[in-house]
Each structure stands twice: as C-alpha cells, then as structure tokens.
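A short worksheet on the structure shown next.
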Number of protein chains: 2
Amino acid sequence: MINYTDILREHNLKATPQRLAIANTLYTNGHITIDSLYEVMVEKFNAISLATIYKNINLMLENSFIKEVKLPNAKSVYELTQAPHSHLVCTKCSAIEDITIDLNSIIDTVTKTSSFKVDSTNLVLSGICKKCSNN
Amino acid sequence: MINYTDILREHNLKATPQRLAIANTLYTNGHITIDSLYEVMVEKFNAISLATIYKNINLMLENSFIKEVKLPNAKSVYELTQAPHSHLVCTKCSAIEDITIDLNSIIDTVTKTSSFKVDSTNLVLSGICKKCSNN
DNA sequence: TTATTAAATGATAAAAATTATCATTTAAAT
DNA sequence: ATTTAAATGATAATTTTTATCATTTAATAA
C-alpha cells in the first residue's frame, strides 16, 4: 500500500480516501477498466457511487495523474501516469503488458518524410503472450 | 463514385443502397465518426435509421470490410480496410492522415526481448500537421 | 483545535450512446 | 416472376456517461 497523498496533491487533487484507493487499485492492477475499478472499489467502500468513479477518472485524466489506454476490440483501461511506454495485448488471455520501445527513429523518419511534428505516440501491439504460447 | 457491390459481396455483405453509400462516404472522407457518417447518410437517405448505421458498422467490422481507429481524446473513426498503416493526428485541427511506417524492426526487437508474438500493430502519432505548423 | 470554505461524495436524474425487437421491405438466387 | 433470408426503419430497451444537488469532508488558517 503506497501513500499517494502527496502525489495526488501535486496533481491538484484532494487526497480523499476514495482517490487514494483508486490510486492504489491502479498501482496493484496496472491496467483496469471502469467497470472493474468500480467493482474493486465497492468492496472497499460499500456505498461508493459510480458517479464518483467517473468524476475521479475524468479529473485524474485532466490532471495527468492517470492515462487512458485505448485497446482494439476492448474497453479502455486506465493506468497511473508513468514514463511514456507502449502496450502489448494478448489476444488470447487479454493480458496487458507495459513495454518501453524506442520510437525515436520512427519519429525522425515521419518528421522528415511528412513534415508532421510528432509530440506523442500511442502504440499497442496485439498478439500472443509468453504464457499463452506455452499453453 | 466507386461501385462497391462486388467488394461488399466478397465480404459477405449484401450490396444494399445504404451500404454502398456508407462505403462511398468512407472512401471520400477517409475517416469518419459514427455521428458524422449518420449526418452524411441522412442527406442521401432522408429516412435512414441510426440503427442501420450501427448495425452496418458492426457487421462491416466483423467482416473486415472496415476498420475502427481509436484515437486519444476523441471518438473512434472508421475507415475502409486497406493495407496495414499507422495514423497521424493533428492536435490542432484534428486532421487524420494515413501513413505507412515499417515497424518490422520494432516487432523483431519485441519478439526477442519479451517473447511476445506480435500479430498486429496500432500506432497513432499525435502532433502538429504541416498546415497547422505554417499557420 | 476549531472554524471556514471550496471541493468531493453519494444518490439519483438526465443525457448520450449503443443494442434489441419486430413488422415491413428488399437483394439475391432461383 | 417467385421465394427466402437478410436488411431496413421505427422505436423500445439497455448501457454508458454526465449533470444536479443536498450533504459531507479535506485543507487552510485563525
């Protein structure tokens, strides 16, 4: 259990118990959908409102405390903001892995080829994870 | 105006006037949201139902006639299925460009590093397009 | 500590997005 | 021209997300 009080405040978010729990849920789960997050949160706060989940997710996105990851053929998942990275998604078991890939050479090529100034990247690689290829 | 009758049939889709119009709208627009597609279609068929749009988009996705492109901070857009490619999205004017980028070296690295078998890629590069950097 | 205040929460309504249902129409194959 | 399975349009139902508002609470300062 990490104490996210200060980090929340750095992102201009009051450190409410609900938010601290959301932060820890994201920390322990890595990536989670709104639905699953709500399920987990209901166990911790039996009276939490779904509206609180949505409002906090949106605020946390606006304040860059978390990031949304849009996946092909699946609902978005949310993760704590970290260093920029890409994602591996297993089409068999739906597991999601973070992976740091150096995309600079690609960005350079794009800049030269198309005179488009790249500011950020979103890369999702779909396929079969290690576990599933062994089973 | 391209005649998509045969191509639709190749994808196990009856060539209805509505579907032919959807195909042509995607062809001329390149990328379009559900909402915009509906607006365009209403001009061509004043009695078309939004349900028809949704049902066709879903069928066309299932039959790989079209692809969904998930964009950061925006609604999904749909495009005719083409050779695999990536997307450039301008954060100023929201323009979307197709771009073919060779990701094989990256895929190779991932395979070796993480023993994850990559089957498909989804790459969106956000930034400033040529037009907007000049204005 | 306690008091103050702006913000967060929970309950719920409202809105938006998507899917389901079904009678009617139509594309495609006799 | 006939037949039939599928598509369409109208609309209801469901799902997802946002808005509203009374109450509670975190954060700040006295």
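Sequence lines set the chain letters: A, B, ... in the order given, protein chains first and strands last, and positions in each chain run from 1.
Heavy-atom distances under 4.0 Å link DNA chain C to B/K75 of residues 63-81 of chain B, given in residue order. Using a 4.0 Å cutoff on non-hydrogen atoms, no part of residues 27-45 of chain B comes near DNA chain D.
Within 6.0 Å of the CG atom in A/D119, the count of heavy atoms belonging to other residues, nucleotides or ligands exceeds 12. With a 6.0 Å radius and a threshold of 12 heavy atoms from other residues, nucleotides or ligands, A/N104 has its CG atom above the threshold. Other residues, nucleotides and ligands place no more than 12 heavy atoms under 6.0 Å from the OH atom of A/Y27. Counting non-hydrogen atoms of other residues, nucleotides and ligands closer than 6.0 Å to CG of B/N63 gives a total above 12.
Atoms NE2 (A/H11) and C1' (D/dA27) sit 19 Å apart, rounded to a whole Å. For the pair A/N46 CG and C/dG10 C1', the computed distance is 12 Å after rounding to whole Å. Between the P atom of D/dA6 and the CG atom of B/N12 lies a distance of 11 Å, rounded to the nearest Å. Residue A/I48 contributes atom CD1, which lies 14 Å from atom P of C/dA8 at whole-angstrom precision. At whole-Å resolution of the value, CG in A/L59 and C1' in C/dA8 are 9 Å apart. If you take CD of A/E62 and P of C/dA7, they are 14 Å apart, rounded to a whole angstrom. Taking atom CD1 of A/I53 as the reference point, atom P of C/dA11 lies 12 Å away to the nearest angstrom. Summarising the geometry, the separation between CD1 on B/I57 and P on D/dT8 is reported as 12 Å, rounded to the nearest angstrom.
Taking CG of B/L103 as the reference point, atom NE2 of B/H85 lies at 12.0 Å (rounded to 0.5 Å). In this structure, NZ on B/K131 lies 12.5 Å from OG on A/S115, to the nearest 0.5 angstrom.
For the residue pair A/A21 and A/K44, the shortest heavy atom distance occurs at O-NZ, 3.9 Å. Scanning all heavy atoms of the two residues, the minimum distance from A/V89 to B/F116 falls at O-CZ, 3.3 Å.
The phosphate of C/dT9 (OP1 or OP2) has a side-chain N or O of A/N56 nearer than 4.0 angstrom. Close to D/dG9, at under 4.0 Å from its OP1 or OP2, lies a side-chain N or O of B/Q18.
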Just the table, please: protein N/O against nucleotides 19-27 of chain C N/O, every pair under 3.5 Å.
unit_1, atom_1, unit_2, atom_2, d
C/dT19, OP2, B/N58, ND2, 2.9

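One side chain, A/T5 or A/N3, offers a donor N or O that lies under 3.5 Å from an acceptor on the other. A donor-acceptor contact closer than 3.5 angstrom is absent between the side chains of B/T52 and B/Q18.
Screening A/E79, A/K70, A/E97 for a side-chain hydrogen bond (donor to acceptor under 3.5 Å, both in side chains) involving A/H87 leaves a single residue, A/E79.
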